[in-house]
Engineer: 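My questions all concern the structure below.
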Amino acid sequence: MTKRNRIYRDLLILALVFLCGWLFFTYYPPICSDSVIEKYEKQENNLGELLKNSFQLINVNKDTNFIAKSIKKIFQELNPEITETYDIYIAEDHTINAFALPGNIIVINKGLIEITENPKELIAVVAHEIGHIEENHVRKKLLATFGISVIFAGSDAPLSAITQILTESAFSREMEREADDYAVEYLLDNDVSPKYMKDIFLKMKENSIEIPEFISTHPELDSRIEDLSDKYDIDNEIEFDVDWEKVKAEL
Amino acid sequence: MNEEYYPLQQPEDIPTRECEDAMGAYFMMFASLAAGLPLPIINLIAAIIYYHINKHKSRFVQFHALQSLLSQIPVSLLNAAAVFWGISIFLFDNPFSDIFIAFLSVVVLANLVYLIFSIVAAVKSRKGRMYYFVLFGQLAYEMVFKIKEDDKEIYENAPPY
């Protein structure tokens, strides 16, 4: 056998060994991908719980005060799956903000509820945050900023830094648009007009004159408002039997 | 004596310094650890730099540096593929599947095998011995020890007139 043929033979053997090994482990994996995903999601939920503890929160699902019960009633009437799938909290913070945390947690500041005129605007905000969760934006943001170690125990990033990234820094423009699109579909599926999303965005923008940093954390607000045109007309739009002004007064 | 290849030096004829230089070639795989970055390309760059610095020393050192470099290439490529595939899963919503786990398993095994053989080669080279990896040993030997046509020409300086 010539030297060249010997080299080709060795190359072929190495390639075959690699492919056979890959095939073998595909059918007999050392770890099942489902168990890895399950462990990862559990760690993510643990992180969400840890982060949540840094806020003073009203649990919409569990607390029995008037605010929690009223808002829970709204979501139950809209779609009972919301309260089953997501943990919604009201934060004792009067800045205009809402954010999502790992583990399907949505936090809405009292400040944001204060500027709403009806519960559908709150629903629009929640739908937007659900969009961030369902499109995995929260996870991607955390991983891109801190790396995979943030999800598992022993992360070097302090909780305060993680909280700041998730609550104050913006998602990318593409992610915000994806969340907007998801929210529009979600609202339409639940018989709520997306015009309420436009309304709350306009209010946020008006209030941002007093809170200028809001603009920097929500890019392209003007164009996003423009995209939410008034063309969405809903037949049989859902109505809620809740005294919203009383809810706001209780905040 | 084979007229196609340069003769091999024997262990007793190779200076200790050259043995140590040959051994050092097999430690370039740890370059990315030293740099603190999980980038497989760093190992390859370190191996390339080491080869270029040491190739003029002796054919023994050149052979081991080249063997280390050539064998580092597929390992680096596999590691890079694993890193980019992992990033695509976490950041671009590619599915986390058994195929990826299988690929990772093979890559881990390949790195382990490479590590073991590199350690063996490092020990052998420190003793002044030739040690041949599958495929890459033969390639490195051909590239270093084969007498090229250009080398056979004997150039004679001549006066201008």
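Keep in mind the model is a prediction, meaning the values are calculated, not measured. Below, chain A is the first sequence line, B the second, and so on; all start at residue 1. Side chains included, hydrogens not; waters and symmetry mates left out as well; all remaining heavy atoms used.
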Engineer: Where on B:L109 is there a heavy atom nearer than 4.5 Å to chain A: the side chain, the backbone, both, or neither?
Structural biologist: side chain

Engineer: Looking at chain A, which one of B:I99, B:L135, B:V134 has the largest number of heavy-atom pairs inside 4.5 Å, strictly under?
Structural biologist: B:L135

Engineer: Got a donor-acceptor contact below 3.5 angstrom from the B:S105 side chain to the B:I101 backbone?
Structural biologist: yes

Engineer: Looking at A:F24, A:Y28, A:F25, which has the largest count of heavy-atom pairs under 4.5 Å with chain B?
Structural biologist: A:F25

Engineer: Does the ring centre of B:Y5 sit less than 6.0 Å away from the ring centre of B:Y141?
Structural biologist: yes

Engineer: A:F55 and A:F99: aromatic ring centres closer than 6.0 Å?
Structural biologist: yes

Engineer: For B:Y26 and B:Q67, test the side chains for any donor-to-acceptor distance below 3.5 angstrom and give the result as yes or no.
Structural biologist: yes

Engineer: Heavy atoms only, distances under 4.5 angstrom: which of B:I87, B:D98, B:L139 has the most pairs with chain A? Name it, please.
Structural biologist: B:D98

Engineer: For B:Y132 and B:F63, I'd like to know if the aromatic rings sit close, meaning centre-to-centre distance below 6.0 Å.
Structural biologist: yes

Engineer: With a 4.5 angstrom heavy-atom cut-off, is it the side chain or the backbone of A:F18 that approaches chain B, or both, or neither?
Structural biologist: both

Engineer: Where does B:F136 contact chain A at under 4.5 Å (heavy atoms): side chain, backbone, both or neither?
Structural biologist: side chain

Engineer: Tell me, side chain or backbone of A:L11 under 4.5 Å from chain B's heavy atoms, or both, or neither?
Structural biologist: both

Engineer: Among B:H52, B:K57, B:H56, which one satisfies side-chain hydrogen bond (donor to acceptor under 3.5 Å, both in side chains) with B:N54?
Structural biologist: B:K57

